[in-house]
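Taking it in order: structure first as structure tokens, then the write-up.
Bear in mind the structure is a predicted one, so any value in this text is a computation, not a measurement. We count ligands from 1, going down the list as the structure has it; atoms in each ligand are counted the same way.
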Amino acid sequence: MPNTSERTFIAIKPDGVQRNLVGKIIQRFEERGYKLVALKLVQASKNHLEVHYQDLKEKPFFPGLIKYMQSGPIVAMVWEGLDAVRQGRAMLGATNPLDSNAGTIRGDYCIQTGRNICHGSDSVDSANREISHWFKQDELVDYEFANKVWLY
Ligand code: RTP
């Protein structure tokens, strides 16, 4: 039985928000067939971002990354559906937008690694950690997804 309830954490970074790409990015996940489970616009604190990117804290780009992620509001989302984590990453494209295929979000809308407009969990374990870091349990909305019968 395929797991149609896999969840991933997707964020639209400050540059994506400022460049008015929120609607386009959401639309891609909607059109692909993923179910929106949670969504909010947040100005994240330094501490919150340092915990989110804790695995990168030794990297030379870490301070710049935190500053970039704090430079404006972020759209935090949870999307659910078959293979959501892997497909979410595929839809985002490569970390370096210059290596991203056309047709991916980064391949279509950005140019530089340090301004790559979106984030997606890289594993189911990271997704679970990130979802509980960004959302309280009661912000994950439980509702019937009518499309499901046509998708699976
Ligand atoms: P993300 O977590 O944002 O989805 O990105 P990712 O997994 O594709 O890449 P990761 O290696 O986890 O890096 C996180 C974010 O740090 C910025 N970065 N800058 N200047 C650099 O060399 C550099 N490398 C990474 C990017 O914003 C990247 O998305």
Checklist entry - Can you say whether the rings of His133 and His48 are parallel (under 30°), tilted (30 to 60°) or perpendicular (over 60°)? => result parallel
Tabulation required: pairs of a nitrogen or oxygen in ligand 1 and a protein nitrogen or oxygen under 3.5 Å; columns are atom names and distance to 0.1 Å; otherwise 'none'.
from     : atom 1 : to     : atom 2 : distance (Å)
ligand 1 : 2 (O)  : His119 : ND1    : 2.8
ligand 1 : 3 (O)  : Lys13  : NZ     : 2.8
ligand 1 : 3 (O)  : Tyr53  : OH     : 2.9
ligand 1 : 3 (O)  : His119 : ND1    : 3.3
ligand 1 : 4 (O)  : His119 : ND1    : 2.9
ligand 1 : 4 (O)  : Gly120 : N      : 3.3
ligand 1 : 7 (O)  : Arg89  : NH1    : 2.8
ligand 1 : 7 (O)  : Arg89  : NH2    : 3.4
ligand 1 : 8 (O)  : Thr95  : OG1    : 2.4
ligand 1 : 9 (O)  : Thr95  : OG1    : 3.4
ligand 1 : 27 (O) : Lys13  : NZ     : 3.1
ligand 1 : 27 (O) : Thr113 : O      : 3.3
ligand 1 : 27 (O) : Asn116 : OD1    : 3.2
ligand 1 : 29 (O) : Lys13  : NZ     : 2.9
ligand 1 : 29 (O) : Asn116 : ND2    : 2.8

Checklist entry - Could Arg28 and Asp108 be called an ion pair, given the rule that one side-chain N must be under 4.0 Å from one carboxylate O? => result yes
Checklist entry - Under the 3.5 angstrom rule, does the side chain of Ser132 hit a backbone N or O of Asn128 as a donor-acceptor pair? => result yes
Next on the checklist: For the backbone of Glu80 and the side chain of Arg7, can you confirm whether one donor and one acceptor N or O come within less than 3.5 Å of each other?
Outcome noted: no
Item to check | Leu41, CG: over 12 other non-hydrogen atoms inside 6.0 angstrom | outcome: yes
Checklist entry - So, the side chain of Lys35 versus the backbone of Lys148: is there a donor-acceptor pair under 3.5 Å, distance only? => result no
